[in-house]
Structure formats: C-alpha cells, structure tokens
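This report concerns only the one structure given below.
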Amino acid sequence: MASRVALKVGGKGKNSGKGGRGGEGKSRTECLKEWTDWSLHKAKVIAHYGFIPLIIVIGMNSDPKPQLYQLLSPV
Amino acid sequence: MAGFPPPGATILGDAAAGKKIDEVGKKKVDYFNLPCPIPFEELQREAIMSLKPELFEGMRFDFTKGLNPKFSLSHSVFMGPMELPSQGAETLKIPTAHYEFGANFIDPKLMLIGRVLTDGRLTARVKCDLTDDLSLKANAQLSNEPNMSHGMVNFDYKGKDYRTQLQLGDGSLFGASYIQSITPHLSMGGEVFWAGQHLKSGVGYAARYENDKMVATGQVASTGMVAMSYVQKVSEKVSLATDFMYNYLSRDVTASVGYDYILRQARLRGKLDSNGCASAFLEERLNMGLNFVLSAEIDHKKSDYKFGFGLTVG
C-alpha cells in the first residue's frame, strides 16, 4: 500500500516537471501524436462508412449509366 | 528450307546465311530485351491456384448482378460452422450464418472492390494505375472492434525487365521487393521487410524458372521458411503440381501433391498432404452463369471432416 502511494506521488512530481520544461500542459510532440491519432481515427471511420457508397456513386455515374431501380431489383 | 543458303553465295552471304541457320536452329537470346517478370508476390501463383483452392464448409450462395460492364453488385450468403483457433488438439467450431454485400467497379485504370458483412466488417481493395508503369494498390480490413483494423498500401513500379514494390502497412510495417529477369525463362528476386510493432525484420530470396510445360519456383526467407514448388502442364486440360514447405526454425515440414483438371464444363482440383489431409474442389458449370461448387477436406490426423456445397450465379 505504502509503495503504491509512493509511486503515485512520484508520478505526479514527474508530470509537473515535464510540464514545467515544455512551458504548457503538453509538449509539442505529444500534441502532434494526439493530432495524428485523432485524424487517423476519423479517416478510418470515414473509410468504414463511406467506401461502399463511394463505389456505388462512381459506378452509377460511369457509362453506360445504369438506372436506379437496377440497384435494388434482382433481375 | 528458309535457312539453307542459295548456291554460289559470297562470304558475306555465307555469314548472313550462317546466322539465319543459327536463329532457326536455336533462338539467339537477346539479353537486352528480356520479358517483364511476374510480380514477386505472385511467384508461386500456378502452384497456389492448383493446390490451394478456397475450400469451405457449409452452404454458400453467391449472386453477382452486373449493372454495367464495369460496375456490379454482389450478394453472398454463407451458413456453416466457423472454425475457432483453439489451443488444444481438437478443433472448435461454431455454427455461423452471415450475409455479405459487395460492390465492384472494374476499369482498366481503376479497380475498387468492397465487401461488407452483417457484423460491420469491411474489406476494401483499391488498385489504381497512376502512370503506365507505376501502380498503387491498397487493402484494408476495417471492423467496429477497436484494434482489429488493418491496412496496407503497395506501390509497384514495372521496369523493362524488372519489377519493384514498396509496401507500407499499419503497425509500422515496411517491405520492399525486387525481381529481375535473368534469362527469358529464369527470374530471380529478393525482398526485405521490417515490422515495427512485433520488432521483426527479415530478408528473403526467390527464383522462378518456367517454360511452356512447367514452372519451378524456390523461396528462402530469414523467418525460417523454405518453399519450393513445381507445376507440370501434362496436357491442355491437366496439370500436376507439387509443393514443399519447410521451416528450419520450427522444424515444420509439409509436402503436398495435387492435380488440376480444367475441363470444358468443370474444374476439378484435388490435393494430398503429408499432414494426412486430402481435399478436393469441384466447380461445375450447369448453365450460362450458373456454377455449382463442391468442396471436401478430410483431415485424417485430426479427424476433422469438412464438406461444403454452393451455388454461384452470375
């Protein structure tokens, strides 16, 4: 128990030290990493939901242009 | 007849006629005009096509509807047991059923293939020819579960008698490969890869010799894999293939022998393995656009019997 408390205190001290060095809450590399993670995550969600609709839109606009009912009917 | 010199020819004429006989008798190899080799990842494609068909267990129904020569939609239903990776010797199977919707757009310059399952997993493949020689390929498997999505991008450059490829994958995976034609029949190549997440890297070499009747390939990699394959085209309709894979780090050996009958209305592929596994795969054309598929795999060592049937329309 005591050792765990000691580790936590040590961690807090380290964090404040790093912040003090950077001049703000997060350093620049951390900001960049967070931004790339966020943008990659958004790109993944867009690809996941948008890929098949993209293929359908490109296909429906290629010639000879197919009709809309052909998308749904089994013939 | 064309090679014989006319009577009374001069010395120059003799030399020229001599060269003609040489060409007719044995084709002179022009080492500056070699054919472009097969891409590195498709080195063993004849052996893989003959020995590793898409075996399945259960019922499969595929329907492809073409709206356009370039654009088509596909609906696929599968019902059958799905194998789970299990630690023990026995195989664990759960019955599953799923529906898969797919859309394909196939153009000479751009190919887009997307498949989505009922549980939300998306498989996407993109192939784009940026210029005549440079092409971009991308595959991705995206799922709703966190950390279960993967993606890979390849850049392929095709030179006069060589091909190179650069591969970038998620989890900081880098790979590069190069293959060169050495003679009109022989091509050799190598690859390197580096996987950042698993901290693994490796080098591999491969060679492929082919002529009209046979294809022989060999591949060695620093991951411990040694693979050799040989495919002989016995006639227009029959091919025999054999494959040998050895891992010198884990001392795992597998050898297999198989046949591939390409008939007018059917294609039958059968294989026998050194792991005690016999498998067969039949695709029969019942009618225009209607194919019947039968798959069987009997694993005598694990006592695992898999039989599947299906219908493919369109």
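Letters go in sequence order (proteins before strands), and every chain restarts at 1. Please read these numbers as outputs of a predicted model, since none were measured by experiment. Computed over heavy atoms, backbone and side chain alike; hydrogens, waters and symmetry mates excluded.
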Near B/N147 CG, under 6.0 Å, is it more than 12 heavy atoms from other residues, nucleotides or ligands? no
Return yes when atom CD of B/Q265 has more than 12 non-hydrogen atoms of other residues, nucleotides or ligands closer than 6.0 Å, and no otherwise. yes
Using 0.5 Å steps for rounding, measure from the OG1 atom of B/T123 to the CZ atom of A/F51. 10.0 Å
To the nearest 0.5 Å, what is the distance between CG (B/L142) and CD1 (A/I46)? 12.0 Å
Under a 4.5 Å heavy-atom cut-off, does chain A meet the side chain of B/S143, its backbone, both or neither? backbone
Answer key: most heavy-atom pairs under 4.5 Å with chain A among B/F71, B/F101, B/F105 is B/F71
Within a reach of under 6.0 Å around NE2 of B/H98, are more than 12 heavy atoms found that belong to other residues, nucleotides or ligands? yes
Can you see which heavy atom on A/H48 is nearest to which on B/G120, and at what distance? NE2-O, 2.6 Å
Student check: side-chain heavy atoms of A/M60 and B/L67 closer than 4.5 Å: yes
For B/M59, is the CE atom crowded, meaning more than 12 foreign heavy atoms sit under 6.0 Å from it? yes
What option among B/V126, B/D107, B/N144, B/L110 has the most heavy-atom pairs under 4.5 Å with chain A? B/N144
In terms of heavy-atom contacts, does CG of B/L84 have more than 12 from other residues, nucleotides or ligands at under 6.0 Å? yes
Between B/L112 and chain A, which part of the residue has a heavy atom less than 4.5 Å away: side chain, backbone, both or neither? both
Smallest heavy-atom separation, B/L122 atom then A/A47 atom, equals CD2-O, 3.6 Å
More than 12 heavy atoms of other residues, nucleotides or ligands under 6.0 Å from CZ of B/R125: yes or no? no
Chain B contacts, top residue of A/V45, A/I56, A/L54 (heavy-atom pairs, under 4.5 Å): A/I56
Between the main-chain N or O of A/S73 and the side-chain N or O of B/K65, is there a donor-acceptor pair closer than 3.5 Å? yes
At a heavy-atom separation under 4.5 Å, does A/L40 approach chain B through its side chain, its backbone, both, or neither? neither
Chain B contacts, top residue of A/K65, A/Q67, A/K44 (heavy-atom pairs, under 4.5 Å): A/K44
Counting neighbours of OH on A/Y49 that are heavy atoms of other residues, nucleotides or ligands and sit closer than 6.0 Å, is the number greater than 12? no
Taken to the nearest 0.5 Å, the spacing of A/D63 CG from B/N68 CG works out to 7.5 Å
Please check if the number of heavy atoms outside A/D37 that lie under 6.0 Å from its CG is greater than 12. yes
